[in-house]
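This report refers to the structure that appears directly beneath it.
Note that this is a predicted model, so its numbers are computed, not measured.
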Amino acid sequence: MADAKTYLNVPYAEKDAAKALGARWDAAVKKWYVPANKDMALFAKWQTESSVAQLSNEEPAKPKADSVVGGTTRSSDKNFIAYDGDEPPWD
């Protein structure tokens, strides 16, 4: 179990708080994780049910079929003109 990492979902705005509690950054996965010697209860707000992953050749957990992977962002500005790539919206 020494090679297991418990990954966290830490928003960027809360990275300093997670780091202060002892979380570490995994640059290869680009996620924060809890080292084996730390109390997991401190990191409860950032844990998910599929946050434990082995450092081996296992693939990361796949998202559920009904989860949203992408989406559309709309501007709240009524004068916004989307750029479709054909010709610039200005001129």
*Check each of Leu8, Thr6, Val10 against Phe43 using the side chain to side chain contact (heavy atoms under 4.5 Å, CB included) test, and report the only one that passes.*
Leu8
*Residue from Glu14, Lys45, Lys31, Gln47 passing side chain to side chain donor-acceptor pair (under 3.5 Å) with Asn9*: Lys31
*Where do Ala23 and Pro35 come nearest, in terms of heavy atoms and distance?*
CA-CD, 4.4 Å
*Just wondering, do Lys19 and Trp32 contact through their side chains at under 4.5 Å, heavy atoms?*
yes
